[in-house]
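All ligand and atom numbering here is 1-based and tracks the order in the structure. Throughout, numbering of the chain's residues begins at 1 and tracks the sequence.
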Amino acid sequence: MEHEKVVVIDFGGQYNQLVARRVRENNVYCEIYSYRTPLEQIRQMDPKGIILTGGPNSVYEPGAASAPRELFEMGIPVLGLCYGAQLMMHVLGGEVLRAPEREYGKTEMVLDRPESPVFDGVPETSTVWMSHNDYISRPAEGFEVISHTANCPYAAVQDQKDKLYAFQFHPEVLHTEYGKQMLRNFVIGVCGCKGDWKMEDFAKRTIEEIREKVGDGKALCALSGGVDSSVAAVLLSKAIGKNLTCVFVDHGLLRKDEGDLVSKVFGPEGPYDLNFVRVDASDRFFSDLKGVTEPEKKRKIIGEDFIRVFEQEAKKIGKVDYLVQGTIYPDVVESGLGGESATIKSHHNVGGLPDYVDFKEIIEPLRYLFKDEVRKVGLHLGIPEELVMRQPFPGPGLGIRIIGEVTPEKVKIVQDADAIYREEMDKAGMNKVASQYFAALTNMRSVGVMGDERTYDYAVALRAVSTVDFMTADAVEIPYEVLKTVTNRIVNEVNHVNRVFYDITSKPPGTIEFE
Ligand code: XMP
């Protein structure tokens, strides 16, 4: 992909992807590479700038993640962040020591050189986010201090002549008030990037590239109806039309009307030129799930059945040349430190690579995009917002939102309750607050009363969380009125439910899903 590019070198810090996100927010394309990547390879990429991320090591420890001196001598601007800043000093002859006190949290930073290009538009005092045990006790020769904090005499230093900058703080986290501005100053101001990386261009170029690569070959895509596989499928369809076959395995564990929505968009009545195969395999899934109550076992069965059904369909098609996967950049980066790893991480919605599908190569058109970029491409390609803006839905579907045995009756209950819940949440504008919300079916039955009758029915659990990364999450404070409406509607409209609970457990200790 030929485009002006910034390279983010990853030293194992927890914010590595965030750094890349911030760069891309300026419409500047960037990629993450491990610090182990040979310098020659980085040089050949001809980056406009290099950013070194934070990391867990101490630069002076033997075997610590390092960088060669030549990295700073290529004439390419370099910005070091936290560990990256310390490393730059260490490698270039400065001194890094253990700080008398670990510094963690928001700190006020004062500019010593407000005229520095990286501080364009940054006020003389502002808040920055610090998280470090070591500190720069003496900058390398040729560097001057451009800002400090109470505990950190060299919060930022620069060698303007060589375009080298080092920040002890983390501009990529939002707690650093002017962090975005500083990163923008670096990539646009210092590196001279134009900032013209646009999703429209990405889509257009990717379609052309696929067309060229696949030619008259045949491609096969497992379509789940999720954002990633949908966008991947549409890119392929625009590139190769009917030479693409999408197989949509309906395991019977989808949300209410979801299978029909996917079929409407991708089926023959939809706007796309492709072969669409919907397989109703629910009988098989229900039969294999009979009597199974253990969550991991359910996941395994669903994952395996999925692959087997997909394979069966693939066999009917015969030999295909390419298998399309909706892998996105975080999958790539997480599959190996810094994303240098070429390992193919199976797309988790598919649950693994089908062993017996006869194909030549895998195509992953979204391999370099973050989720919100995938969404932008999807909207640009005209995929309905309903699909593109969908919240995450696990591959094993409602199978892991039903505690205990999964049966068609229980699936129907949770589908209906979930549809009501989502409708009311959307109506109340809670979809703007919650990152993910859904109903689950507990395995609890209890006595209730309906009209004159005694009931012995299920309890539905509602979940709504706000989260940025889905690794940790907080329960959303849903207005009581909304909860009341939802509860009334569910117990009145859904058979076999006589109680509704709202789960306010955060993650950890809970998980987001309710299995
Ligand atoms: P947990 O429950 O682990 O979920 O807190 C974190 C996020 O991951 C989603 N999730 C899955 N997504 N296949 C998926 O594609 C799965 O098997 C799966 N399990 C959990 C979950 O919906 C949440 O967004």
Side-chain angles (χ1 to χ4, degrees), residues 17 221-233 248-255 258 262 285 288-289 292 294-307 309-310 325-335 344-354 364 366 369-372 374-375 387-403 406 411 414-415 418 421-422 425 430-431 433-442 461-476 503-515:
Q17 291 194 35
C221 174
L223 189 67
S224 70
V227 183
D228 306 340
S229 66
S230 297
V231 175
F248 169 49
V249 177
D250 184 348
H251 48 26
L253 304 167
L254 297 166
R255 287 170 292 194
E258 194 166 21
V262 175
F285 283 84
D288 289 346
L289 286 168
V292 181
E294 213 253 303
E296 270 313 304
K297 201 152 173 219
K298 284 194 232 171
R299 281 177 174 274
K300 228 171 157 194
I301 292 173
I302 297 169
E304 272 180 23
D305 273 1
F306 197 101
I307 294 181
V309 174
F310 181 67
Q325 295 228 309
T327 318
I328 66 172
Y329 203 38
D331 302 333
V332 176
V333 175
E334 279 153 25
S335 67
I344 297 145
K345 185 181 166 197
S346 55
H347 188 220
H348 43 230
N349 279 336
V350 178
L353 275 184
E364 298 173 306
L366 309 174
L369 300 192
F370 288 101
K371 192 80 172 188
D372 55 326
V374 174
R375 291 203 159 108
L387 270 187
V388 174
M389 302 315 280
R390 270 171 48 142
Q391 41 180 300
F393 184 64
L398 301 179
I400 57 165
R401 290 182 183 170
I402 292 171
I403 314 272
V406 178
V411 168
V414 75
Q415 277 178 338
D418 181 67
Y421 179 43
R422 284 189 292 127
M425 287 286 278
M430 294 306 289
N431 49 351
V433 185
S435 323
Q436 194 173 0
Y437 45 100
F438 57 85
L441 190 62
T442 74
L462 306 177
R463 193 93 173 102
V465 295
S466 63
T467 173
V468 178
D469 55 10
F470 293 87
M471 310 281 278
T472 62
D474 285 315
V476 170
D503 178 5
I504 60 166
T505 318
S506 59
K507 171 183 178 176
T511 56
I512 294 174
E513 290 298 338
F514 199 101
E515 57 188 305

- Task: Would you tell me whether Ser224 and Ser229 have side-chain atoms, one donor and one acceptor, within less than 3.5 Å of each other?
- Result: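 Side chains of Ser224 and Ser229: pair found under 3.5 Å.
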So, is [X] polar-close to ligand 1, with some N/O to N/O distance under 3.5 Å?
| X | answer |
| --- | --- |
| Pro396 | no |
| Phe470 | no |
| Arg299 | yes |
| Gln436 | yes |

- Task: Check each atom of ligand 1 against the heavy atoms of Thr511 and keep those under 4.0 Å away; list them by number with element.
- Result: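 In order of numbering, the contacting atoms are 1 (P), 2 (O), 5 (O).
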- What are the atoms of ligand 1, with element, lying closer than 4.0 Å to any heavy atom of Pro392?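 Counting from 1, the qualifying ligand atoms are 24 (O).
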Between the side chain of [X] and the main-chain N/O of [Y], is any donor-acceptor distance below 3.5 Å?
| X | Y | answer |
| --- | --- | --- |
| Lys507 | Phe470 | yes |
| Asp305 | Ile302 | no |
| Arg375 | Arg390 | yes |
| Arg422 | Ala439 | no |

- Query: Any idea which of Met471, Lys507, Arg463 brings a heavy atom closest to atom 5 (O) of ligand 1?
  - Reply: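 Looking at heavy atoms only, Lys507 sits closest to atom 5 (O) of ligand 1.
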- Nearest option to atom 14 (C) of ligand 1, as decided by whichever heavy atom of Pro508, Gly303, Gly395 sits closest: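 It is Gly395 whose heavy atom sits nearest to atom 14 (C) of ligand 1.
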- Result of checking Thr505, Leu441, Asp503, Leu462 against Phe514 for side-chain contact (heavy atoms from CB on, under 4.5 Å):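 Of the listed residues Thr505, Leu441, Asp503, Leu462, the side-chain contact (heavy atoms from CB on, under 4.5 Å) partner of Phe514 is Asp503.
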